[in-house]
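When a ligand or atom number is given, it counts from 1 through the structure's own listing order. On a predicted model such as this, the values are computed, not experimentally measured, just so you know. The figures here come from the full heavy-atom set of this structure, side chains too, leaving out hydrogens, waters and symmetry mates.
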Amino acid sequence: MRRSVILITGANGEIGHGLVNHFGRTSDHAILALDLKPLDDSLKCSGVDSIVGDILDDDLIQRIVSEYEINAIYHLAALLSTRAEYTPDIAHRVNVEGTLNLLKLAHEQSRWQEREVKFLFPSSIAVYGLPDRATKDRAGRLREEEWNLPTTMYGCNKLYCEQLGRYYALHHRQLAADRTPGGIDFRAVRFPGLISAETMPAGGTSDFAAEMVHAAARGEPYDCFVDEDARLPFLVMPDAIKAMTTIAAAPKENLTQSVYNVGAFSLSAGEIRDRVLGAFPDARVSFAPDRPRNCIVNSWPADIDDSRARREWNWSPDYDVDKAFGEYLAPGVRNGLRNP
Ligand code: NAD
Ligand code: SER
């Protein structure tokens, strides 16, 4: 008998920590956690199998097929935007070919099990590409179909993978004689910048927000790599987990599209500094903008319109900006320092 599991790729990353913990607390399903890096000891518990490996490794994918029956896939493994810009070829392989490998795995699993396999994909505001700050200021909150003109390799990868997922769900093998419809139930959320109290980000362009909070809690000075007016939408990690698990549970007939914006609040880097100073009055934050990274932030929207997610699957963040800083981030990072 193959073991029935939910597969989480990139399980040792920031969202992975939140998701593995969430399923550990709330679900009867066993987890198969896959990552290039060994899973943190804090995430290892009964019900969690972990594999150290690469989503580009075909032999590994076949081994997974032979040992596990996969109910759903949360495909998190990726190179984030800044890292992807430094190594675009590797980013394309991991972010696109890796996603294709997982979609093929989901398709194969659905044929074995004769039922749809859910595929949850975290996309990003990086799929948007605004040409300059003035256009960004005018554009305001973007709907899903607006300004899909990414300026980064990561954004291009995410936008294409959204389409690839939709293709696998609706049109794959459309000319085959034995075509059976469906097979993959693909659902994606476009996340804004995420901020976690428990983990530190690495390799992203929205990382300045989390870096500022964590540096302040450690009593370290922070040189912010974007200017004070650089503005992005944000979500704290518990709400990111809520978004992924809520869309996963939504009745399929309620969903009119495969990709949804989700957001909670929008802040400029200067406003984040002010929030951080409110929680950590001794914080030392200065601004030393890195022009290319600042340009990437300027190409991303100041805010997103997530009304379709709110209407169709009852998306609603638990943390507005006051609660995010007052009840989650400030106490959470302090607690993390006390209990590393
Ligand atoms: P992260 O960098 O913390 O985690 C990614 C994980 O993927 C890492 O643990 C890494 O080791 C693993 N990984 C990378 N390449 C791999 C490979 N070839 N095989 C197996 N594992 C591999 O990132 P995160 O913040 O947890 O993001 C998870 C997902 O959410 C990514 O797809 C990211 O694009 C998306 N996302 C994140 C944010 C954000 O602000 N953090 C925003 C939007 C979307
Ligand atoms: N927050 C991510 C990054 O900055 C975007 O998905 O790369």
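- Closest of all the heavy-atom pairs between L39 and S50 is CD2-CB, 3.8 Å.
- Geometric assessment of R308 against the ring of W315 yields a negative cation-pi assignment under the 6.0 Å and 45° thresholds.
- In this structure, R334 is positioned above the aromatic face of F280, its NZ or CZ under 6.0 Å from the six-membered ring centre and within 45° of the axis.
- Seen from the ring of F225, R293 counts as a face-on cation partner, given the 6.0 Å and 45° thresholds.
- Ligand 1 is surrounded by G10, N12, G13, E14, I15, D35, L36, K37, G53, D54, I55, L76, A77, A78, L80, V94, P122, S123, S124, Y154, K158, F191, P192, G193, L194, S206, each with at least one heavy atom closer than 4.0 Å.
- Across R2, Q109, R3, a single residue satisfies side-chain contact (heavy atoms from CB on, under 4.5 Å) together with Y68, and that is R3.
- Protein residues with any heavy atom under 4.0 Å from ligand 2: L80, S81, S124, Y154, G204, T205, S206, W300.
- Ionic pairing of E67 and R63 is present here: one or more N-O contacts between side-chain nitrogen and carboxylate oxygen are shorter than 4.0 angstrom.
- Applying the side chain to side chain donor-acceptor pair (under 3.5 Å) rule to pairs touching residues 88-97 yields N95-N157, sequence neighbours excluded.
- Ring planes of Y328 and Y319: tilted class, angle from 30 to 60°.
- Residues meeting the side chain to side chain contact (heavy atoms under 4.5 Å, CB included) test with D132, sequence neighbours left out: A134, T135.
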